[in-house]
Visitor: 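I have a structure I would like to understand better, so I am pasting it below and will then ask my questions one at a time.
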Amino acid sequence: MTFRLTGRMTGPRHALRTLRREWRLPELRTLIGALLLSVVVLGAVATLAARVQRAVVMSAAELIGGDLGINAAASPPAEFVRHAHALDLHTSALAEFPSVAFANDRSQLLQVVAADAAWPLRGRLVIAGRGGVERSMHAPPAGEVYLDHRALVALDVELGQRVQVGGMDLVVAGQIEQQPGGGDLVALAPRAVMALADAKSAGLLGTGSRARHRLLVAGAVAPVDAYRAWAKAHLPADAQLVTPEEVQQRLAVAFDRAATFLRLAALLAALLAGIAVALSAQRYARRKTDEIALLRALGASSRFAFGGLAWTLAVPAVLAALAGAGIALALAAIAFAYAHGLLPPSAQQAPLPLGPAFAAAGVGLAVLAGFALPPLAKLKSVPPVAVFRQSAARAPRRFDLLYLVPVAVAAGLIALQTGSWKLAGVLAASLAGAAVLTSLLTLAVLWLVRRFVARLHPALRLGASALARRRALSLVQSCAITLGLTALLLLAVVAPALLDNWRRELPPDTPNWFVVNVQDAQRAAVHDALANLGATRFNDMPVAVGKLVAINGTDVDRMAFNDRETQEDADRQVRFSWSAALPPANRIVAGQWFAPDARNAEVSLDVAWVRRFDLHLGDRLAFLIGDTRIDATLTSIREVDWSRFNVNFFVMLDPAHGATLPHTWIASFHLPPGHAQELATFSRAFTNLSLIDVDALLDRARQIVAQVTAAARWVLAFSLLAGALVLAAALTMSAAERRHEAALLRTLGARRDQLRMAALCEFGLLGAISGFTAMFASALGGAWLAHSVFRIRDFVPPWPPLIIAAVIAAIVVAALGLVGTRKVLHTSPLLLLRR
Amino acid sequence: MDNGRTDDSRADMALISARGVGKHVEGPTGRLDILDDVSLDVNAGETVAITGASGSGKTTLLGLLAGLDLPSRGSVRLDGHALETMDEEARARLRLKLVGFVFQSFHLLPALTAEENVMLPLELDATPDAATRARKALAAVGLGPRRAHYPRQLSGGEQQRVAIARAFVHEPRILFADEPTGNLDHASRDAIADLLFALNREHHTTLIVVTHDPALAGRCARIHDLVEGRVRVHAA
């Protein structure tokens, strides 16, 4: 009679009993610990990134004064208000227009916002009253106006005095300290805020006025999204939808970089955790071999044996994944609270998204399954006869398709985190390259060791020869440790340098003012006047205004475009410039920059334009500038880094043809705060010029850099943990063998200091190989990140700190290895007699 | 038999000497006495078998005599050194100088070739011509051509021969063998036993064998039979 252990009744009980016993095993703890860590790091970063994105969107919402805006030449139809109220959304109406204000025999062109009492719905209108006391307010009541400092200085008025705006006599009730923009973070002229009713009664918003009307809505996320979808479908012909996400391209670029960097950092940590899972699973599988063989020998069904194994792993894995999601949420909340001072108040209220953390739990379980599957699946082929002969348990070495599973999981994880197959491919190739390089270097060192080991001191010989003889293990250990160190060096040394470079792209003296409409004859005078004010970083470019009229011989008016934005671009005026040299923050991605004296007209376009109009090099575009028509050939395509706050253009002509066109100049410069009086004087001296203040925009961009830097520190901490886990798993891979070896050597008479020296030599070599390779791998990785993600040119890896860090890392690996073998050094020789 | 010498003087002359040795361990159900009041002497050049049923304490006694463990009570002297007064480092140094081992499970290092396994004791002692001597030792056990093979490439009998070569390569004065034929088939058993005793004679070592094989025990000059932790001595 065969005793049969069935899976149905006793499998889970056997597994849970096994789990209680096996939980003490370091392999199982490392395996589950790696899973927990990967969920925590992926979940925390994803949650943080989603929350920061939401916060940036909400922060950008302050720029437009609401969650959504509808811009039009006239007030949007009443149904737009009705529909918003039906969705439980708040609404506010406003109009923006330029108007000349008069006071004390002075006049000043102002950018006026006339709004109803509900404005702003998002952001703050901060008004300073008498005595400088600041308060958050809404639009002023009828009969009052708020002016900014520049306006007060230009008109030479104080609070309580009267100004005329649009023929209305209004009392200056407060000074604008902070104001939600009208969708721009730039102020074309000094600002004023008045009541919408006053603007209407003064006839400032009638037919023929230059006012732009806006309906703002605000509320919960879901109804806003619903309203957005409805509004898109019902938008009048001349109206545009304004959303926070689209408002500022510069912010979007800055945020994209931030998000990509954080996701890459999290990816590295997760991959490290995956490596730790694979190494631990390998050891766990070896431990389970005897048990599986015994169960099979006793008659256990395959279902019982492997069902039990699945239960033993699944129960702690699911618990760890859920716990990891919870910890990730908590950490993201803490990190956000820590960085909350960097965000405006409304953004600090951004809700904690739960989805990313639990999605990370799913990904973590996939990583566990993928990386642990090959070694554990091998247990299926353990024959029952292995209870008598261990050698029978060793399957012949051959390639198994199962080994592609962790590769596929890693590739999927990379693709998921990078969001781009191209990026994923480059990153995967880089990691594979690092592994190949490490393997080659390790093999070379091992070869040298085998050749020259006889010449070493006997104590060192033991360690060096141990490394050389455990070749497969040494390769795996060095690859795992190298990848771990590469990730750590990348995040600890290279990333701060990258972020510093990014920060330096927006140095304190970044141009924070633009001046437009400078005439040719005024250039020198404007330059001198600004220089006298203390302006620095002066840079100017010519501007011509025209219209795109034909593409490849076909009139644009006769072309049908797929989307509204392209149609609008085709319809609106185009501002273009020209320059002999490629302007800063521009990179040629196709074609060539203009020749100095191009015979035929040439044009260079930003990639966005090229994609929008589906253009290719060699295409012909016709522009009408005044009465002049220019037919130009597309000879280069540029990528413009809009986050750099330089003057940039989508369309640029070759200088030979551009210079013949009627044009003005636009200039940028930096001026520290506190020059309102002088700027007012400057404006009066050059009345045709418009000054644009971009300080607020710069602040937002710098905030994002600061947020990323703060978030990066958290990710670094997670990655350090992940790296430590990999090191621990790699260094303890051979713990059982080392204990056996140590017991034998001690039996034969080896002294502890001999064993210690051997361990030091072995791990010292391992650390040196890994540190050296990691140093180059992280430098290359940093250069790639600089080029592909941050678009930083001329990034030089920080070699001195890298070298120092690599040496320290190598020493740490050696020390950790030595510490890890401490128990082994105290192994009793009796261990041999008991086996 | 008492030859007129005192117990102490016999101990002084013996290469290995145990007096009133006892060993207990703490188990889940309380104290477990493995050995009780064991006394024996082994003179230089003697061959001694320690026999007994499974669980009688044979391997424990071997461990105590070899200095791998310390008794709970009593004393063990190895070449005049009182082991209970020495720490593990000192005992290890003593083992390196005096002792060779052969184990039931061979205990070869899987990552080392046969030659490298044999070289181990010499390398630990920083012996300059370790490789040459290892090759000679392997040749002496008939495995010269297999010196570059790894343990997994050798049969059980061949592995045990490598282990024997390792045990003798540094010319120990004492050889401890724990069930040296326990994992071998009948034919290999005899061959290994012949080899062991031949080399023992050649190197003039003192041999202490733990075994439950009466044939192997019978080849020794003296048999110490352990029964419930106590020794009964027979002449072979």
Side-chain angles (χ1 to χ4, degrees), chain A residues 286 388-394 396-397 446 450 453-474 734 736-758 762 825-835, chain B residues 58-64 66-70 87-101 103-113 116-117 119-131 150-153 155-156 163 166-167 169-170 172 176 178-179 183 210:
Chain A
R286 275 156 66 179
F388 299 113
R389 287 200 317 273
Q390 275 212 334
S391 56
R394 282 185 229 112
R397 275 184 197 176
L446 294 184
R450 283 191 85 98
V453 68
R455 301 183 199 181
L456 290 174
H457 185 277
L460 294 177
R461 206 185 299 151
L462 262 181
S465 58
L467 198 65
R469 283 151 194 163
R470 284 194 283 261
R471 194 160 62 167
L473 178 67
S474 300
S734 53
E737 290 87 345
R738 288 180 199 282
R739 269 199 298 278
H740 176 246
E741 236 176 66
L744 177 63
L745 292 171
R746 293 289 277 157
T747 302
L748 296 178
R751 300 188 309 274
R752 238 173 244 140
D753 64 321
Q754 284 180 310
L755 298 184
R756 206 174 286 122
M757 186 68 77
E762 185 182 345
L825 295 179
H826 287 85
T827 304
S828 167
L830 281 176
L831 186 73
L832 288 187
L833 296 181
R834 292 192 189 121
R835 288 182 68 171
Chain B
K58 306 187 297 294
T59 302
T60 303
L61 179 58
L62 185 102
L64 294 175
L68 300 179
D69 197 8
L70 290 174
D87 63 11
E88 172 53 31
E89 284 295 289
R91 295 202 306 274
R93 282 197 294 274
L94 196 63
R95 287 196 297 273
L96 186 60
K97 295 291 176 217
L98 289 182
V99 177
F101 287 93
F103 300 99
Q104 179 177 4
S105 302
F106 325 136
H107 286 311
L108 299 179
L109 293 185
L112 304 185
T113 61
E116 288 158 352
N117 267 288
M119 279 167 66
L120 264 178
L122 300 173
E123 288 193 315
L124 288 173
D125 207 17
T127 307
D129 55 346
Y150 289 91
R152 67 174 180 274
Q153 296 169 301
S155 68
R166 181 181 66 191
V169 74
H170 61 304
F176 289 98
D178 179 28
E179 304 276 12
N183 276 2
V210 162

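Just so we're on the same page: letters track the sequence lines, and every chain starts at 1.
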Visitor: Let me know if Arg166(B) has heavy atoms under 4.5 Å from chain A in its side chain, its backbone, both or neither.
Guide: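 For Arg166(B), side-chain heavy atoms alone lie under 4.5 Å from chain A.
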Visitor: Going by the rule side-chain contact (heavy atoms from CB on, under 4.5 Å), which residues pair with Leu96(B) if we only count those two or more places apart in sequence or in a different chain?
Guide: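 Leu124(B), Asp125(B).
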Visitor: List the atom of Ala92(B), the atom of Ala750(A), and the distance in Å for their closest heavy-atom pair.
Guide: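 Taking every non-hydrogen atom into account, CB-O, 3.8 Å.
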Visitor: Using every non-hydrogen atom in the two residues, find where Arg95(B) and Gly749(A) come nearest and quote the distance to one decimal.
Guide: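 For Arg95(B) versus Gly749(A), the nearest heavy atoms are CB-CA, 4.4 Å.
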Visitor: When you compare the side chain of Phe101(B) with that of Leu744(A), does any pair of heavy atoms fall below 4.5 Å?
Guide: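 A side-chain contact under 4.5 Å is absent here.
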Visitor: Rounded to the nearest 0.5 Å, what separates atom OG1 in Thr747(A) from atom CG in Leu120(B)?
Guide: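 CG of Leu120(B) is found 11.5 Å from OG1 of Thr747(A).
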Visitor: Not counting sequence neighbours, which residues clear side-chain contact (heavy atoms from CB on, under 4.5 Å) with Arg756(A)? List them please.
Guide: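 Expected list: Arg752(A), Asp753(A), Leu818(A), Leu825(A).
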Visitor: Go through the atoms of Leu64(B) and report whether side chain, backbone, both or neither lie under 4.5 Å from a heavy atom of chain A.
Guide: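 Leu64(B) has no heavy atom closer than 4.5 Å to chain A.
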